[in-house]
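Per chain, numbering begins at 1; letters A, B, ... match sequence-line order.
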2 protein chains.
Amino acid sequence: MGATKTDLFTQQQNEMAAMAKALAHPARIAILQYLVKKNACVCGDLVEELGLAQATTSQHLKELKTAGIIQGSIEGVSVCYCINPKVWKQYKELFNAFFKDVDLQNTCC
Amino acid sequence: MGATKTDLFTQQQNEMAAMAKALAHPARIAILQYLVKKNACVCGDLVEELGLAQATTSQHLKELKTAGIIQGSIEGVSVCYCINPKVWKQYKELFNAFFKDVDLQNTCC
DNA sequence: TTGTATTATTGCAATATTACGATTAATTTT
DNA sequence: AAAATTAATCGTAATATTGCAATAATACAA
């Protein structure tokens with residue numbers, strides 16, 4: 001026990017949960033907001049911007065990259081990160097679809 | 001170390017991350033989808049529906065309740081759960097706002 | 001080649017999450 | 001009142017996440 005029982009759920013449910021998990025840390029929210037704002041691909045700045053250690057920042061970047069929502073490319077001695085627009089759109093649409101269809105009138109308790 | 005450094009981030013960032021965290025488990029996604037589909041407030045069924053132990057199911061329900069997105073009321077010997085439409089709308093709007101403003105053209109790497 | 005700058009990885013400690021059996025609490029039913 | 005039903009809580013084990021120092025890896029500059 002201790003590990004999520006992914007086999008009990010549909011692929012869609014696991015995927016949705018994985019997407020949410022990628023966003024489930026304020027540092028990763030901050031990174032995404034920063035990337036959206038600056039658009040240009042910054043990276044080393046993130047360590048200063050966040051106030052977390054370099055190792056920790058790198059780890060969060062890795063998670064976002066694994067989730068697919070950002071991408072990085074080597075730019076000389078540093079690495080340029082930016083939003084992956086295709087995956088971003090996917091996130092947007094799936095969250096949108098998830099929250100869409102609820103009849104706000106029909107409460108029961 | 002080990003605990004999230006919430007003080008490094010804005011309240012908005014922490015809140016957004018907390019919302020995502022509530023959705024960051026397939027069982028909780030499944031619960032919400034079930035509640036949306038059935039609309040009516042079921043509860044004991046969830047144990048059977050999910051395939052998780054009663055204690056585990058109850059724990060997930062508690063997390064969703066703490067996050068505010070569902071609400072429960074005692075209905076005789078059982079407990080009726082349903083979506084909290086007001087908070088649901090809030091989630092919807094905040095996720096919407098988060099994913100809104102990205103220029104999908106301007107990639108850099 | 002040697003040094004410098006930047007990011008990734010490793011190893012580890014602290015904390016959080018997930019899951020479940022057992023127990024408790026509350027309400028019905030008999 | 002006694003038994004049954006339902007859900008919450010407690011205790012505990014397994015696993016995951018968060019964070020950082022230290023180290024490695026990579027690319028450039030001198």
Contact check, side chains of Thr10(A) and Glu15(A), non-hydrogen atoms, under 4.5 Å: no
Tell me yes or no: between the side chains of Gln54(B) and Thr57(B), is some donor less than 3.5 Å from an acceptor? no
Whole-Å distance separating the NZ atom of Lys5(B) from the P atom of dT15(C): 13 Å
More than 12 heavy atoms of other residues, nucleotides or ligands under 6.0 Å from CD1 of Ile74(B): yes or no? no
Readout for nucleotides 3-9 of chain C: B = base within 4.0 Å of protein heavy atom, S = sugar-phosphate only, - = neither; 5' to 3' it is --BSBBB
Using a 4.0 Å heavy-atom cut-off across all strands, classify Leu52(B) as base, sugar-phosphate, or nothing. sugar-phosphate
Counting only heavy atoms and a strict 4.0 angstrom limit, can you tell me which residues of residues 8-27 of chain B come near DNA chain D? none
Protein-nucleotide distance (His60(B), atom NE2; dT9(D), atom C1'), rounded to Å: 16 Å
Considering residues at least two apart in sequence or located in another chain, which fulfil the side chain to side chain contact (heavy atoms under 4.5 Å, CB included) criterion with Glu93(B)? Lys89(B)
Given atom CD1 of Ile29(A) and atom P of dT18(D), what is their separation to the nearest angstrom? 12 Å
Given atom CG of Leu64(B) and atom C1' of dT17(C), what is their separation to the nearest angstrom? 14 Å
So Thr56(B) and Gln59(B), side-chain hydrogen bond (donor to acceptor under 3.5 Å, both in side chains) or not? Walk me through it. CA-CA 5 Å; Thr56(B) 309; Gln59(B) 207 172 338; 5.4 Å; no
Please verify the inter-ring angle class for Tyr91(B) with Phe95(B); under 30° counts as parallel, over 60° as perpendicular, anything in between as tilted. tilted
Side-chain (Arg28(B)) to main-chain (Ala22(B)) donor-acceptor, under 3.5 angstrom: yes
Can you check the Ile74(B) CD1 to dA7(D) P distance for me, whole Å? 11 Å
Classify the ring geometry between Phe9(A) and His25(B) as parallel (under 30°), tilted (30 to 60°) or perpendicular (over 60°). perpendicular
Would you say Phe98(B) and Val36(A) make side-chain contact, with heavy atoms under 4.5 Å? no
Which part of the nucleic acid, if any, lies within contact of Glu75(B), taking any heavy atom under 4.0 Å across all strands shown: a base, the sugar-phosphate backbone alone, or nothing? nothing
Using the closest heavy atom to pick a nucleotide of DNA chain D for each, name whichever of Gly76(A) or Arg28(A) lands nearer the 5' end. Arg28(A)
